[in-house]
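All remarks here apply to the structure that follows.
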Amino acid sequence: MKKETEARVIVFTSEAEMPMMPASVASTLYNKTGSWRYMRPLYKNQTPPCNAACPAGEDIVMHLQLTAQGRYAEAWETLVRENPFPGVCGRVCPHPCESECNREYLGGAIAIHCQERFLADYAAAHHLSLPTTNVPQREEQIAVIGAGPAGLSCAYHLRRMGYQVTVFEAGEKPGGMMRLIPEYRLPKEVLEREIAAIIALGVEVKTGMRLGVDLALKDLQGYAAVFLAIGQSVSRRLDVPGEDAVGVLHGIDFLARVERGQKVDLGKKVAVIGGGNTAMDAARTARRLGADVTILYRRSRAEMPAIDEEVHETLDEGVKIEFLRAPVAVLTANGRVRGLRLTRIELGAPDASGRRRPVPVAGSEYELEFDTVIPALGQVADLTFLSAEVQTERGRIITDEKTATTRLPIFAGGDAATGFGTVTAAVGSGKRAALAIDSFLRGVERPFPDLAQNVQVAPRPHDPNVVRFEDLNTAYFEEIPRPPQDQRPAAQRVTTFQEVNLGYGEDVALAEARRCFSCGTCNECDNCLIFCPDVAVLRGPSDDEPFVFNYDYCKGCGICVSECPRRAILFAEEIKFNDQ
Amino acid sequence: MREPKTYARNYEIPEEELTYSGSVSCPGCGATLAMRYALKALGSNTITVIPACCWSIIAGPFPYSSLTVPIFHTAFETAGAVSSGISAALDVLGKKDITVMAWAGDGGTFDIGLQALSGAVERNEDFIYVCYDNEAYMNTGIQRSSATPWMAWTTTTPVEHPKEEPKKDIVAIMAAHRIPYAATATIAYPEDMIAKFRKAKGIRGSKFIHVLSPCPPGWKSEASDSIKLTRLAVQSKVFPLYEIEHGDKVTINVWPKDGGVPVKEYLRLQGRFRHLSEEAIAAIQAEVDRNWERLVVRAQRVMGNE
Amino acid sequence: MRKVVTGNYAVSWGAKLARAQVIAAYPITPQTSIIEKLASFCANGEMDARFIKVESEHSAMAACIGASAVGARAFTATSGQGLLLMHEVVHWAAGARLPIVMGVVNRAIAPGWSIWTEQNDTLSQRDTGWIQFYCETNQEVLDTTIQAFKIAEKVFLPAMIVLDAFVLSHTSEAVDIPEQAEVDAFLPPYRPPLKLDPEDPRAFGALVLPGEYMELRYKMQKAMEQALSVAEEVDREWGERFGRSWGLVEPYRLDDAELALVTSGTVTGTSREVVDALREEGVKIGLLKVRLFRPFPHQIIREMLAGVRKVAVIDRNISFGDSGVFAQEVRAALYHADKRPPVFDFVAGLGGRDIVPETIREIVDYTVTHDAPTEEFTWVGVKI
Amino acid sequence: MIEIRIHGRGGQGAVIASEVLADAVFQEGKYVQSFPAFGVERRGAPVTAFTRINDKPIRIRTQIYTPDHIMVLDPTLLEVVDVTAGLKDGAWILINSAKPPHTFTFPDRYRVATVDANAIAVKYHLGPRNAPIINTAILGAFARLTGIVSLETLCNAVRAAVPINPEGNVAAVKEAYEQVIGDGQ
């Protein structure tokens, strides 16, 4: 009797057909024990918390898994399928993904941003081109207004779908706010490379074309769709006396001048007002220009919107931060800044943002001397050029979850529409617009999640349930600490604009990727295959389907479900499947 | 079949399946999984001997078999002797490359079959004797055996009067025969188990492998917990993974992580221990700790001598 | 080669000449010298066999079962208590259709301890599916041992050669020990069609559901029935090759007999003396020796005893609550005969009590003086 | 038919003696049967063994109750065992003893002989000095007395049966054959 593959039921019709002793003539495959099952395991990837948290909709787990296998190029391709700015985001994103990472409990969250940067740098070092798509070219012309991260992301994705895209940019160069991120945090070379790669796909960028000045919306009527990604370019004012004095320089203006290589005379003592990333950028830039810098922030450390690491680096570089302080006046002498009158602040009840409202402490005012004051309180969009048909609300363009404005085929995204001011959010917004424009133009219905969630160009089939730490089988994971990223020493940093963070080398990146739990995503660890008592888990036909259940025999014991380290198997009542 | 990936967790486990689906083991049966590993380790040139036990049924009714290797079903107490006969016959017939594996439950090993087993290993017959231990007579519906742990419930040791005697130390008994190889193994540690079966296969003479095999109906545990339970058995030191060569050289193969977990973690997942008082759990913990320390001392003595 | 050997050594020589390949045995008086001799044959290389010195008779049979299942020719020997301990696996060997051959020295059952002869040990294996031969002389023991392998391997049922404790087991007499080559020509190597073999992996002896069990038992019974003609044929072939045949039963001076003794084992020899003596005295008496007890040769016995006026069975055994076992079988065989002679049953010689010619005369006298039995059986020589 | 009974103690080789005698007689073309008393042997305890000799096949399978001759391997047995039980008239009673036959008192219907088998066994180093093995020597004496078997055949049978020091045993057989003293001879 050789090894059998088919299920044979043996029916003896006479004693003569039987062996003389009870000897087997077939296998137990005849016995379809699948009928015993009342719970059914299902291979269905569940949502990793990092993926759910990524504003750009990156498939983080997948690129980590590919990195873990040393398949860097594929990992990078996975990354850029969703986000054409991994080099930028890997450096500047506040990485909400890491905040959700389940690894936090066993050695610290995966350094996802470092992994992203590693892949981008790897691609650059190996001169990898953005992967081409084999889609037919489409006739439709699309206009994108604004070559910031939202506009370029939208243009990139549309182009990959075969559309003809023209990007109109008000500035001299594409990049938008990304250009204002200081060199020591985001080397221009990285930005230029990623923008150039998008342009190389066939995206046309027309610079020096400001909407409302150089062209009007009605000029774009020849385009099948328009995507407004105009960004927030107008700095918020301090609204205190003396604000217009010489020596008051708004953060983005300051950064823009530095970026353009213009000389900025800051004097000796500089005050930066604000607690966001622009405030940090301004303070650290000023520090590099030789100033003695103090950041004044009206709330406490806990409320600071700037990325944590960023705050640390700022402090390391000798910038002072004064919390619970707010300016009440810019002190001037001869039309020039000489200092600030400040008030101490107490935190009151939470406001609309959920943060505690700053309340000035009566009688606590005092004065400090400064040569330059740099307010960095954030920006708002300039929406004055919009016609009434494109409705706005509280400084933002109104869109639905498909990024459609009230005037089709005009779509809008980026912070001018969403208010989310990060590059990553803008990238996600532009991608959402590209997908929406595509489905609009093709007349195809496509579901879009609400704007708080991300969208993906190439989503893997998955269950929306987000995997939490308690869902994992931690027996299979060791506690391994997160490796630190190399940095230039602070003393050296303040003398140069060279990049502060040095990223991960390959060894560290590989090890770090292997530290990923791969939450909710099968990484072919083989546990289900190995622990099945009934040989009812088989290797699947392809990488996309690494294992299959043999439901003819699976008894539904659930060992595969509980021994899956990463909750990539669902367990559902069999009754749901009996009708199918 | 696709090539297995090796990046995520490097299981050094052969792909070939030598057990068939369709066996009538209960869902989550540890003994069924144990056989799967055992045969993966030993390969197809193996003859199995199965005395009365759950596996008499799991192996399939006439005219079916759930194994791709020959099986000889035999009487409850005869695994040691039948295997001796098979081994001797293979030897005299010149078939010296076939592995003989006796596969018996705890009843057939600790109790009714102990004499034949002792006789066979004392003669150092060339075979591997495996006791898949589910800690009671499960095939007859959960009666106590001498492998049943202290204070456990079975149908013959009801909760009003749970088992009063500690579990018999079968590996010590085997080691006392000075056989070349005696080891423990369990299903949560497939690589350790497979390595042990392979090692046993390479040794001439009597080899004994004691495999802890959860029985969800008999332990009153969740079918899906079978691996978890044996992992906890090892991590709590209730069932340490070790081997004893020539009755003397003790090696601990898996050291509990971070000093181990309390036995309570293991006990609480099993309904057969639900009636245990805190005092009883403390007593079990103390006994487990004592046994573990003894084992460690023996293992260290070996390490010290080398 | 003619040699003076004990009955036990005749068994050993039989197993040696049959080229038994695996021997598993456990010592028990009065079987011990069988296995001592075999151990010595194995040790000095006269036999190419593996001798497993098991720790019990149960394991002896179990080991033989394992060996036979692999396709080796397996042999064991035991006696009395040992056979009883073995009982479960005695059934197993037959059910597994393994042609194991076993020498059994009939020994009475404890308590109290008895090492002397009596047939209750082997007769309590009556329904196990084993072929059973009861032997009278050492030559018959040797010949039957070799024949048993051939019969067993043709019908795939195990076989026992039974010999009386001491009266045969420890009694030396001249035995013709055939040449190995002649035995080899008679008994080819064992080649079962189904065996434990990784090249043809099968499960043997699994759970059999009610839908198939009866058919397997039917096959066993058919094989047993076939064993009758096979045994006859094998014995005939033996006779042709070696000049000696033993028959399934042996009639002695039965042709014109009015009274037939039915005997088995060594009591037959002594009975022959008595028959001869009585014939000289003018008594029309004959004897029927039952050599093959399982399968029971009903038809032949019916034919042989058809013309006899009375039958007297000597039973060295007792089925408590009934009678001697041979008498039961003879009565049952005669039930379907046209003319049914009365069957007297005499239980004698239990626990090794010597059955001397006077005992047999007593039996004959009783039978002659009674028209029909007045009880199920008659105790002989018991102090009552 | 001749029936012979041998009395000895466990360990003296009475059973072997009965077998060797049977084998020797068989070599000369007779039918033989030999057997021990059916029981448990214990070293030092009295044992008996039997040999039947006939010109035609021996079919009877009982113990021997009326022997034609007896051998007594140890004279101390005479104190504890009724060695002449059932013994036929005219039988030889062969005793292993250094004393002459007349020192033993038996009814006149028996013939008595002695041989100092102990001394012979010690001389030929048969067994330990304190427990010499005399079964072969006594057979030599018995052959001489009864003429049941020739000395030569007996020597051959002894050679075949004795694994250790066969020639010493053969010498003992021969010496006993020569030295046996028979009552009335």
Side-chain angles (χ1 to χ4, degrees), chain A residues 1-4 7-8 10 12 18-19 22-33 36-37 39 65 68-70 473 475-476 478 514 518 523-527 529-536 538-543 546 550 552-563 565 571, chain B residues 1-11 13 15-37 40 44 58-71 73 187-188 190-191 213 216 222-228 231-232 235 257-258:
Chain A
M1 196 176 87
K2 272 294 161 194
K3 187 168 176 180
E4 298 194 3
R8 283 198 294 149
I10 304 296
F12 296 118
M18 289 189 194
S24 63
V25 299
S27 78
T28 50
L29 290 175
Y30 82 98
N31 187 25
K32 301 288 178 67
T33 51
W36 301 9
R37 186 176 60 237
M39 291 293 279
Q65 290 313 309
Q69 297 170 54
N473 188 336
Y476 297 98
E478 301 288 327
R514 286 178 174 161
S518 190
N523 68 354
E524 300 181 52
C525 74
D526 282 2
N527 268 17
L529 182 82
I530 283 161
F531 290 122
C532 179
D534 296 302
V535 203
L538 311 172
R539 290 209 186 275
S542 68
D543 281 358
N550 188 344
D552 279 351
Y553 301 107
C554 165
K555 293 170 185 162
C557 70
I559 285 179
C560 54
V561 179
S562 58
E563 293 313 310
F571 209 27
Chain B
M1 190 186 296
R2 294 181 313 116
E3 281 297 304
K5 296 283 172 57
T6 53
Y7 58 92
R9 192 178 160 190
N10 287 313
Y11 284 109
I13 292 179
E15 285 285 305
E16 193 186 1
E17 299 294 350
L18 292 105
T19 56
Y20 286 115
S21 299
S23 76
V24 297
S25 57
C26 302
C29 174
T32 305
L33 186 52
M35 177 67 94
R36 192 170 158 239
Y37 297 160
K40 276 174 177 282
S44 59
I58 300 168
F62 169 73
Y64 305 100
S65 173
S66 69
L67 301 186
T68 64
V69 300
I71 303 171
H73 289 272
I187 54 171
E191 287 176 297
S213 304
E222 290 293 331
S224 56
D225 277 347
S226 289
I227 300 297
K228 183 177 187 180
R231 183 164 57 235
L232 284 171
Q235 293 297 327
K257 217 158 113 178
D258 306 325

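Every chain is numbered from 1 and lettered A, B, ... according to where its sequence line falls, protein lines coming before strand lines.
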Look only at the side chain of [X] and the backbone of [Y], and say whether a donor-acceptor pair between them is shorter than 3.5 Å.
{"X": "A:R539", "Y": "B:E15", "value": "no"}
{"X": "A:S562", "Y": "B:S224", "value": "yes"}
{"X": "A:K555", "Y": "B:S25", "value": "yes"}
{"X": "B:Y20", "Y": "A:E4", "value": "yes"}
{"X": "B:S21", "Y": "A:Y553", "value": "no"}

Any non-hydrogen side-chain atom of [X] less than 4.5 Å from a side-chain atom of [Y]?
{"X": "A:I530", "Y": "B:Y37", "value": "yes"}
{"X": "A:F531", "Y": "B:S226", "value": "no"}
{"X": "B:P27", "Y": "A:W36", "value": "yes"}

Problem - Ring geometry between B:Y64 and A:Y30 (parallel below 30°, tilted from 30 to 60°, perpendicular above 60°) - result: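 Plane angle under 30°, so parallel.
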Handout entry: Contact origin within A:A23 toward chain B - heavy atom pairs under 4.5 Å
Key =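 The backbone, not the side chain.
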Problem - Atom group of A:F571 that falls short of 4.5 Å from chain B, counting heavy atoms - result: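 Neither part.
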Handout entry: Verdict with supporting geometry, B:K257 and A:E478, salt bridge (Lys or Arg N to Asp or Glu O under 4.0 Å)
Key = CA-CA 10 Å; B:K257 217 158 113 178; A:E478 301 288 327; 3.7 Å; yes
Handout entry: Heavy-atom neighbours of B:K228 NZ exceed 12 at 6.0 Å
Key =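 Counting other residues, nucleotides and ligands, NZ of B:K228 stays at 12 neighbours or fewer.
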Exercise for the section: Answer with side chain, backbone, both or neither: which region of B:A34 has an atom nearer than 4.5 Å to a non-hydrogen atom of chain A? Expected result: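 No part of B:A34 comes within 4.5 Å of chain A.
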